[in-house]
Amino acid sequence: MYQVVPGGAGGTITDVIPKQKHSKDTRPLVGAGVIGLVLVIAAVTAWCYYIASLRKAELLKTQLLDLNKDGYIIRNQGGSIVFRMDFRSGTLDLDSCSKEGEILSCGRTTDRKLNFFIETVRPKDTVQCYRVRWEELVPDIPVEHAMTYKFAHWYGGAVSAIQHWPISISGQQAPKPFVTSDIYSNRNEFGGILESYWLSSNATAIKINNSVPFHLGWNDTEKTMYFQARYSDSPFKPNPGEAPCAELSYRVCVGLDVTSIHKYMVRRYFNKPNKVPAKVMFKHPIWSTWALHKTDIDQEKLLTYASNIRKHNFNCSHLELDDRYTSRYGEFEFDRIKFPNASAMFQKLKSDGFLVSLWIHPFVNYDSENFHTCVDRGLFVREPTGRLPALVRWWNGIGGILDFTNPEARDWFSSQLRSLRSRYGVSSFKFDAGETNYLPWKFSTRTPIRDPSFFTRRYTEMAIPYNDRAELRSGYQSQNISCFFRPIDRDSVWGYELGLKSLIPTVLTISILGYQFILPDMIGGNAYLNRTDGNHVLPDRELYIRWLELSAFMPSMQFSIPPWEYDNEVVEIARKYTALHESIVAPRVLELAGEVLDTGDPIIRPLWWIATGDETAYKIDSQFLIGDDLMVAPVLEPGKQERDIYLPAGRWRSYKGERFDIKEPLHLTDYPVDLDEIAYFVWV
């Protein structure tokens, strides 16, 4: 408001001094207004950013999975973290991510383009699955994800020389090719029966796609397993004409419990056998010449071996004539010095009620008459250019290895086997080797193969015409071959390294990988020099008896070192357990074998199969189930005639007639088990 005040020269002045005072007094108010405006703008910006962040956070969630730039976690229905995967090959640029329906995809890392997606799939109410794919667009860049295994116990993957159940990881290993290998001669490699599948005690399973150039590593300090896809410095190859751009793709599935999620995974991702092998293979033991005679086998020794089987009143599904009945490796004619009249020998054995199978392998040594035939016809695996056959070293020398992707090589090999069958009445074959470590690091085949282990698959297919009684020691995607699979040779020792204690973990692992017709190798082990507990000629007597008792509860039994090499007491124990196997074990196993064709469920099962809520059951590696109703607890320690036994909740009757009606798991401490006994319990 203007004010009138006295002025000079008889007049008045209309002044604005009060206005100047007003400006001076309100300066703080103007400043405050500006600050307020800035705060309002900041608040609006923050709110918008918050809303955008919420939308981004919501975008990066799909069902029970949370994605971030460095990896993802999966929770169960209760909100607990059950799976964690970290990205080791790049950091996702989250601004490149979008979500459409159940597919969450990203187009960049912080430094390059890629194709990445996670798709949520709910195949049934009790199972939630996530399809994950990380595809590089630039050649020779590996893709690596790191799975944390500290949340649970894990099972599966591959057989190994030192086998534990659950998987026990020690040390650090950079990712190496996940391919089949002979772990008797390469004890730090992956074994001959192998599938890229793992299962955890918190009802989570992961299956790597078969198309992935898959390498596996680990770090026990970080508690991680490294899943890597790469073509550089690797035996894996891209398809012809394709750039070597790596792709890591897999599925993670979460279920209600470990048993049900495994059942789902087997039905969804594994081949299943289409027939059950010959029933007599389950009922009566196989008798092999290998551990007893090694390569020093001949006609007289084989006939004497068969005669002693009858003399001591044992049954026999068939005799297995092992290495070496030919004069050179790669030939299919009997050595006339060692077997002067093979035809008469086979007739004699047949008249005495014996069938005979022969040891066979994929190698043709350079000194064999068949070597030049195979070279001329192009039947061998070749060096990378494809111009020359590749020479390989195996445990019996140097030669070529037949290319089973080549129809001509398959036909030639098959014709040799058919000839042996037609000439001598051979019942079947023991297919030895087949692992990829016997291939050159770089090689070529008639039909290009991306994954070296596909060679193993092709080799196992050669057993199909003989699968009633055939035996294989390697397998990859081979569950439908429908024959018996044998773990690699065992040493005649007590421990976990290819010894007696490794047998149950190995059989359980093979079962989880979908191979249910299991031949657990020779009773007492192979009696190799310097790898035998005892007098180094025969396995330790106590070890042999405990091995025999355990084998009686396996799907099939196999002798080589015969019980009469010890004493009459061992012979009587052997008679007792071969009879028990035939009367109690085989009928139940055969019943379960029929179910395998439909379900793929294991015949030999871990204890957690019926006790999914019990933490103790996940760690037991010295007991097992046959089906759900026969629990076996062998003695696996030297000098022991007692053991601790874990009994799952339920109604059980022991082999001694004791009854246990228990609502909670029971631990039987120092349960007495004599030398001629094995503890087993039947569900009432």
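These values consider heavy atoms only, across backbone and side chains, with no hydrogens, waters or symmetry-generated copies. Since we're looking at a predicted model, the values are computed, not measured.
- If you check the side chains of Q163 and W165, you find no donor sitting under 3.5 Å from an acceptor.
- F484 does not carry K430 over the face of its six-membered ring by the limits of under 6.0 Å from the centre and within 45° of the normal.
- Using a 4.0 Å cut-off between charged nitrogen and carboxylate oxygen, K619 and D621 do not count as a salt-bridge pair.
- Salt-bridge formation is not detected for the pair K207/E195: no Lys NZ or Arg NE/NH1/NH2 atom is positioned less than 4.0 Å from an Asp or Glu carboxylate oxygen.
- Remark: the S357 side chain and the S428 side chain contain no N/O donor-acceptor pair separated by less than 3.5 Å.
- Inspection of the Y528 and D491 side chains reveals no N or O donor paired with an N or O acceptor under 3.5 Å.
- Residues W394 and N365 bring a donor and an acceptor atom of their side chains to less than 3.5 Å of each other.
- For I626 against R588, the heavy-atom pair with the smallest separation is CG2-CG, 4.1 Å.
- Just one of F116, F87, Y226 meets the ring pair (Phe, Tyr, Trp, His ring centres under 6.0 Å) condition when paired with H145; it is F87.
- Taking the six-membered ring for Trp and the full ring otherwise, the centers of F455 and Y476 sit at least 6.0 Å from each other.
- A donor-acceptor pair under 3.5 Å is formed between the side chain of R187 and the backbone N or O of Y184.
- No option in W608, Y149, W198 other than W608 meets the ring pair (Phe, Tyr, Trp, His ring centres under 6.0 Å) test with Y155.
- Looking only at atom types and distance, the side chain of D257 has no donor-acceptor partner in the side chain of T612 under 3.5 Å away.
- The aromatic ring centres of F178 and H215 sit 6.0 Å or more apart.
- A salt bridge links R88 with E222; the closest basic N to acidic carboxylate O contact falls under 4.0 Å.
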**Request:** Show the numbers, then the answer: is there a side chain to side chain contact (heavy atoms under 4.5 Å, CB included) between Y329 and D323?
**Result:** CA-CA 9 Å; Y329 295 106; D323 183 10; 2.9 Å; yes
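- A salt bridge is absent between E119 and R133; no separation between the charged side-chain nitrogens and carboxylate oxygens falls under 4.0 Å.
- The residues D521 and R486 are annotated as salt-bridged, a charged nitrogen and a carboxylate oxygen being separated by less than 4.0 angstrom.
- Across R84 and I73, no two heavy atoms sit closer than the pair CG-CG2, 4.0 Å.
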**Asked** How far apart are the C-alpha atoms of F404 and W412, what are their side-chain angles, what is the distance that settles it, and do they pass the ring-ring contact (aromatic ring centres under 6.0 Å, His included) test?
**Response** CA-CA 10 Å; F404 293 103; W412 181 84; 9.7 Å; no
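- At a cut-off of 3.5 Å, with distance as the only test, no side-chain donor of Y250 or R131 sits close to an acceptor on the other residue.
- Between E189 and K176, at least one side-chain nitrogen of the basic residue sits less than 4.0 Å from a carboxylate oxygen of the acidic one, meeting the salt-bridge criterion.
- By the 4.0 Å N-to-carboxylate-O rule, K272 lies too far from D598 to be salt-bridged with it.
- In this structure, a donor-acceptor pair under 3.5 Å is absent between the side chains of R410 and Y459.
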